[in-house]
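Since the structure comes first, as structure tokens, the remarks are kept for the end.
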Amino acid sequence: MAHRTVSEPHLAAPAAVFDWLDEAAGLRAAAGLTRTLRSRPAEDRVLDLAGNDYLGLTRHPAVTRAAADAALRWGGGATGSRLVTGTTALHTELETELAEFCGAEAALVFSSGYTANLAALTALTDPDTLIVSDAYNHASLIDGCRLARGDVHRAPHSDPDAVRAVLAGRARRRALVVTDSVFSVDGNAAPLPELSAAARAHGAALLVDDAHGLGVLGPGGAGALAAAGLAGEPDTVATVTLSKSLGAQGGAVLGPRRVIRHLTETARTFIFDTGLAPAAAGAALGALRLLRAEPHRADRAREVARTLATRLAAAGLHASTPDAAVVSVRAPGPEAAVTWAADCRRAGLAVGCFRPPSVPDGVSRLRLTARGDLTDAQIADAVRIVAATAPTQ
């Protein structure tokens, strides 16, 4: 019997297997969503309001010296996962002081805020958990919800009544309410007291990503939970980054000791990830100690944000009203936002450019970071450049 040759219509030549990526790139370009990397020099004359250095500590001598000392003492890397060789006395010291500063029982440091969020969501849920997530939550929380094994419900933005209604009708045994403390697009704060009350009324836990609140909100910058009177509560967990107000790199989960113990023993992004580099841990610890010694830095960051927003609005721009240190200005569309940001850079000002799909409401924006170390002259220059380069609305 003759053998028939089985046709393989989907078999592509090696050089063609990624042709679909070029097609996808073309679609993004047509929609004005192309993204590119731009290297910056160590000494950049452009005023940076695009990063998240809210307190201006990244280059502070106390922070850079702490990073250098840690690298010289502990080496360039952690050498392994935290449970094997990656935990140093420096990591433990940072966790102790961070928990104390934020009013939590304990803390656990991760290699990034992203991995901290993935850990909290996947380790604190199971198939019998309802997760109620704010519609405007950060991508790391969204990805954590996708990886979690629970039933995820996307709740309307900053709507405690909607959260309460979802919890009231749940069929799952456990529930977790998830929200940013300060939303990174417009800089508005979540109604944490109301969300906590809604969660408690139905026996749910509350998980708050305080990436944009630590160092800016609360007494001395202790964070949004401290500002809301929820720090140290037994049913509340916070995640933070060390890469924003503390000017370093890494993340942490803060909460009850039994939560931290559970994450240490079960969170995959903790167990299987190399520990945070000593230099980053040292820098974060140095910045934390500096903030504790100079708590006025948090007040100054909020003051700068309010000044920026007020002056941008007075210039006729659609600027958000900041609850923390983020100020956004609406653009007519994605392409206009990209051009506007580029024009600002050419004029000497770096600003963030947020476009779909990064913005949950589909509205493109420029995003300005209100750094606490800005002078009055720098604030005036920033407002002048943004207003002078603004596209027709």
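Quick caveat: nothing in here was measured; it's all calculated off a predicted structure.
The cluster map of Ile, Leu, Val, Met, Phe, Trp and Tyr, joined by side-chain heavy atoms under 4.5 Å apart, puts Leu141 and Leu242 in different clusters. A continuous path of hydrophobic side-chain contacts links Leu90 to Val109 [ILVMFWY only; heavy atoms under 4.5 Å]. Hydrophobic clustering (side-chain heavy atoms under 4.5 Å, transitive across Ile, Leu, Val, Met, Phe, Trp, Tyr) keeps Leu192 apart from Val237. Val386 and Phe354 end up in different hydrophobic clusters when Ile, Leu, Val, Met, Phe, Trp and Tyr side chains are linked at under 4.5 Å. Cluster membership for Leu124 and Leu167, using ILVMFWY side-chain heavy atoms within less than 4.5 angstrom, is not shared.
Scanning both residues, Ser184 and His212, for their nearest heavy atoms gives CB-NE2, 3.3 Å. Looking at every heavy atom in both residues, Leu230 comes nearest to Pro193 through CD1-N, 4.4 Å. Contact record, Glu265 with Ile271: O-CD1, 3.4 Å, taken as the closest heavy-atom pair. Residue Leu130 comes nearest to Arg172 through the heavy atom pair N-CB, 3.7 Å, listed as atom of the first residue, atom of the second, then distance. Listed here is the closest heavy atom pair of Ser158 and Ala189: OG-O, 4.5 Å. The two atoms that bring Ala78 and Thr274 nearest to each other are CB-CG2, 4.4 Å, heavy atoms only.
Inter-residue side-chain proximity for Ile260 and Val253 is flagged as met; some heavy-atom pair is nearer than 4.5 Å. Taking the side chain as every heavy atom from C-beta outward, Leu118 and Phe110 never approach each other to under 4.5 Å. Counting only heavy atoms from C-beta outward, the side chains of Tyr54 and Thr369 approach each other to under 4.5 Å. With a 4.5 Å cut-off on side-chain heavy atoms, Phe101 and Leu214 count as touching. At least one side-chain heavy atom of Leu368 sits under 4.5 Å from a side-chain heavy atom of Leu312. At a threshold of 4.5 Å between non-hydrogen side-chain atoms, the residues Leu98 and Leu254 count as touching. A 4.5 Å side-chain heavy-atom check between Asp209 and Ser181 finds every atom pair outside the cut-off. Residues Thr96 and Leu94 have side chains not in contact (no heavy-atom distance under 4.5 Å, counting atoms from C-beta outward).
Under a 4.0 Å N-O distance rule, the pair Asp53/Lys244 does not qualify as a salt bridge. A salt bridge links Glu303 with Arg300; the closest basic N to acidic carboxylate O contact falls under 4.0 Å. Remark: Glu23 does not engage Arg28 in a salt bridge, criterion side-chain N to carboxylate O under 4.0 Å.
No donor-acceptor contact under 3.5 angstrom links the side chains of Arg371 and Asn52, judged on distance only. A donor atom on one side chain and an acceptor atom on the other are found under 3.5 Å apart for Asp143 and Tyr114. In the model, Asp126 has a side-chain atom that pairs as donor or acceptor with a side-chain atom of Thr129 under 3.5 Å.
Atom-to-atom distance recorded for Arg35:CZ and Arg38:CZ is 13.5 Å, nearest 0.5 angstrom. Taken to the nearest 0.5 Å, the CG atom of Asp186 stands 7.0 Å off from the CG atom of Asp361. Separation of atoms OG (Ser111) and CG (Asp273) is listed at 3.5 Å; rounding is to 0.5 Å. Remark: Leu246 CG to Leu55 CG distance equals 7.5 Å, nearest 0.5 Å. One finds the OG atom of Ser133 at 9.0 Å from the CG atom of Leu176 (value rounded to the nearest 0.5 Å). The structure places CD1 of Ile142 at 11.0 Å from CG of Leu121, a figure rounded to the nearest 0.5 Å.
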Between Arg365 and Val359, is the side chain to side chain contact (heavy atoms under 4.5 Å, CB included) condition met? List the steps. CA-CA 8 Å; Arg365 297 165 170 83; Val359 286; 3.8 Å; yes
Just do the side chain to side chain contact (heavy atoms under 4.5 Å, CB included) check on Arg302 and Val216 with the steps written out, would you? CA-CA 7 Å; Arg302 297 195 302 273; Val216 178; 3.7 Å; yes
Verdict with reasoning, Ile379 to Leu308, per side chain to side chain contact (heavy atoms under 4.5 Å, CB included): CA-CA 7 Å; Ile379 295 172; Leu308 280 171; 3.9 Å; yes
List the steps and the verdict of salt bridge (charged side-chain N to carboxylate O under 4.0 Å, His left out) for Arg261 and Glu105. CA-CA 11 Å; Arg261 181 185 67 221; Glu105 282 188 357; over 6 Å; no
Walk me through it: do Leu374 and Leu49 pass the test side chain to side chain contact (heavy atoms under 4.5 Å, CB included)? CA-CA 10 Å; Leu374 293 183; Leu49 297 191; 3.6 Å; yes
Yes or no on salt bridge (charged side-chain N to carboxylate O under 4.0 Å, His left out) for Asp151 and Arg170, after CA distance, side-chain angles and deciding distance? CA-CA 10 Å; Asp151 176 26; Arg170 85 176 195 257; over 6 Å; no
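Aromatic rings of Phe183 and His157 (six-membered ring for Trp) have centroids within the 6.0 Å cut-off, being under it.
At least one donor-acceptor pair under 3.5 Å links the side chain of Thr115 to the backbone N or O of Ser112. Of the possible donor and acceptor atoms, none in the side chain of Arg73 sits under 3.5 Å from a partner among the backbone N and O of Ala71. Between the side chain of Glu194 and the backbone N or O of Pro160 there is no donor-acceptor pair closer than 3.5 Å. Side chain of Asn117 to main chain of Ala120: no donor-acceptor pair is present (N/O by atom type, distance under 3.5 Å, no hydrogens or angles). Not a single donor-acceptor pair under 3.5 Å links the side chain of Arg82 to the backbone N or O of Thr88. Side chain of Asn137 to backbone of Val178: a donor-acceptor contact under 3.5 angstrom is found. In this structure a side-chain-to-backbone donor-acceptor pair under 3.5 Å is present from His60 to Ala62. At least one donor-acceptor pair closer than 3.5 Å links the side chain of His91 to the backbone N or O of Leu276. Between the side chain of Asp128 and the backbone N or O of Arg174 there is no donor-acceptor pair closer than 3.5 Å. Side-chain atoms of Arg367 do not come within 3.5 Å of backbone N or O of Val185 as any donor-acceptor pair.
Other residues, nucleotides and ligands contribute only 12 or fewer heavy atoms inside 6.0 Å of the CZ atom of Arg268. The environment of Arg200 atom CZ is dense: over 12 non-hydrogen atoms of other residues, nucleotides or ligands sit within 6.0 angstrom. At most 12 heavy atoms of other shown residues, nucleotides or ligands fall within 6.0 angstrom of atom CD in Gln249.
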